[in-house]
Amino acid sequence: MKHPHLPTTEAAVTAIHEIAREFGLEFAVTHDIGADQTSRRTAAGAFTVLDPDGSLPHEAFVELGGSPAVTVRLFPEDDAKVTVDDVDFEDLPRDSVPAFLRSVYGGLARVKGRAFPPGHWLIVPLPGDETYRELIPHTTLTPWLARNARA
């Protein structure tokens, strides 16, 4: 399924803010603007604000209060890193982030465990045929992860 296009970091922040309002979550955002401020441009020279193409990169870090603990780092390159209870989902397309958050807060996300090889995975299905799956790095599940465990 094609997700609505979010052409800028600010558009994605606005979409996440709407989801926070929809689910009654606290919302905090930090903006990093300029090549010398964004995390992936550490090679930018001192006082270099623009990229070589003349654009002004914009990155944002969003924290959503409530359970589960969720943070979203939106990168200028149209991707994002979403962390759900210390489980990192790297390189999510920016356009998929709102649907991802709706799945998490809407009760569609689940934890699946296996005895061999031992481990648990957090699985987040999105509308259509898109599913994200990440290994849970710690052996003890948080209360939210344990509550969403399914056989």
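Of the possible donor and acceptor atoms, one in the side chain of Thr14 sits under 3.5 Å from a partner among the backbone N and O of Glu10.
To the nearest 0.5 Å, atom CG of residue Leu135 and atom CG of residue Asp88 are 11.5 Å apart. To the nearest 0.5 Å, the span separating OG1 on Thr83 from CG on Leu64 amounts to 11.5 Å.
In this structure, His120 and Arg114 have side chains that are not in contact, with every pair of non-hydrogen atoms separated by 4.5 Å or more. Two residues are said to be in side-chain contact when any heavy atoms from C-beta on lie closer than 4.5 Å; Ser67 and Arg147 meet this criterion. Using a 4.5 Å heavy-atom threshold, the side chains of Val82 and Glu90 count as separate. Side-chain contact check for Asp79 versus Arg94: every heavy-atom pair is 4.5 Å or farther apart. The closest side-chain heavy-atom distance from Tyr132 to Ile123 is not below 4.5 Å. In this structure the side chain of Ile136 never reaches within 4.5 angstrom of the side chain of Trp121, judged on heavy atoms.
Hydrophobic clustering (ILVMFWY, side-chain heavy atoms < 4.5 Å, transitive): Leu108 and Trp144 are in distinct clusters.
Pairs passing the ring pair (Phe, Tyr, Trp, His ring centres under 6.0 Å) check and including a residue from residues 9-30, sequence neighbours excluded, read His17-Phe27, Phe23-Tyr105.
Heavy atoms only, all atoms of each residue included: Leu6 and Ala11 are closest at CD2-O, 4.0 Å.
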Taking it one step at a time, do Glu22 and Arg102 satisfy salt bridge (Lys or Arg N to Asp or Glu O under 4.0 Å)? CA-CA 9 Å; Glu22 180 182 329; Arg102 277 198 174 84; 3.0 Å; yes

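Side-chain polar atoms of Thr9 and Glu59 form no donor-acceptor pair below 3.5 angstrom.
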